[in-house]
Amino acid sequence: MQLIAEAGWRAFPPRLPDQPIFYPVTTFDYAVRIARDWNTKVGDRLGHVTRFSVLKRYLGRFETRIVGGADHEEYWIPAEGLPEFNANIVGLIEVVASFTEADRIAAETG
């Protein structure tokens, strides 16, 4: 989040060497599952859901992929294409939900 903020909320940071793909997801529910159920298990134990718009004429070049469950739909953007992806973001990247490890534990225990 800090790197996105430092980019003025207009760009995602470069991928790490072991991250060859940037994969924005297409639904809020799937994004919540990633942020709450997966991201809170590693690193700083925080997960964030972002919302942003991308020009349709650019994003239309990529197919969506279903991974795992039927509602796990995402785009696969090659890491080297991230600068072009960022250039096609319209407006700002917004944080629309944030989760902690405690949120994940509460969701798991119902």
Side-chain angles (χ1 to χ4, degrees):
M1 270 311 116
Q2 181 179 343
L3 295 175
I4 294 171
E6 289 173 4
W9 300 97
R10 296 190 177 276
F12 291 95
R15 308 305 288 160
L16 298 173
D18 64 336
Q19 298 173 320
I21 297 173
F22 175 68
Y23 55 98
V25 304
T26 63
T27 67
F28 179 76
D29 290 340
Y30 182 31
V32 164
R33 274 188 241 132
I34 293 169
R36 184 192 62 212
D37 300 346
W38 302 340
N39 292 351
T40 60
K41 292 181 180 181
V42 298
D44 58 9
R45 307 250 186 234
L46 296 173
H48 304 284
V49 176
T50 58
R51 177 176 46 213
F52 53 94
S53 297
V54 179
L55 289 174
K56 187 175 183 175
R57 69 177 177 262
Y58 167 78
L59 201 54
R61 297 177 8 202
F62 300 91
E63 293 182 26
T64 58
R65 297 180 188 227
I66 305 297
V67 296
D71 62 340
H72 294 184
E73 183 179 43
E74 55 196 35
Y75 288 93
W76 284 17
I77 311 298
E80 63 272 9
L82 192 54
E84 185 180 11
F85 179 90
N86 286 334
N88 282 280
I89 292 175
V90 178
L92 301 177
I93 299 167
E94 304 172 73
V95 177
V96 295
S98 294
F99 300 96
T100 65
E101 183 178 28
D103 295 318
R104 176 181 47 81
I105 293 168
E108 290 173 352
T109 58

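Annotation: the span from Y23 atom OH to R15 atom CZ amounts to 7.0 Å, rounded to 0.5 Å. Taken to the nearest 0.5 Å, the CG atom of N88 stands 14.5 Å off from the NZ atom of K56.
Listed for the Q19 side chain is a donor-acceptor partner under 3.5 Å among the backbone atoms of L16.
In plain terms, the two heavy atoms of V49 and A35 that are nearest each other are CG2-CB, 3.8 Å.
Taking 4.5 Å as the limit, every side-chain heavy atom of T40 sits out of range of all side-chain heavy atoms of D103.
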Test F52 against F12 for ring pair (Phe, Tyr, Trp, His ring centres under 6.0 Å), laying out the working first.
CA-CA 11 Å; F52 53 94; F12 291 95; 4.9 Å; yes
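Within a 6.0 Å radius of CD in E108, other residues, nucleotides and ligands contribute more than 12 heavy atoms. In the displayed structure, E6 atom CD is contacted under 6.0 Å by more than 12 heavy atoms of other residues, nucleotides or ligands.
Hydrophobic clustering (ILVMFWY, side-chain heavy atoms < 4.5 Å, transitive): Y30 and I21 are in one cluster. A continuous path of hydrophobic side-chain contacts links L92 to V95 [ILVMFWY only; heavy atoms under 4.5 Å]. Hydrophobic clustering, with ILVMFWY side chains joined whenever heavy atoms are under 4.5 angstrom apart, keeps W38 apart from I66. Residue Y75 is grouped with residue V54 when hydrophobic side chains (ILVMFWY) are merged at heavy-atom distances under 4.5 angstrom, including chains of intermediate members. Cluster annotation: V67 and F22 are assigned to distinct hydrophobic clusters (Ile/Leu/Val/Met/Phe/Trp/Tyr, side-chain heavy-atom contacts under 4.5 Å, transitive).
Listed by chain and number, the residues in a ring-ring contact (aromatic ring centres under 6.0 Å, His included) with F62 are Y58 (sequence neighbours excluded).
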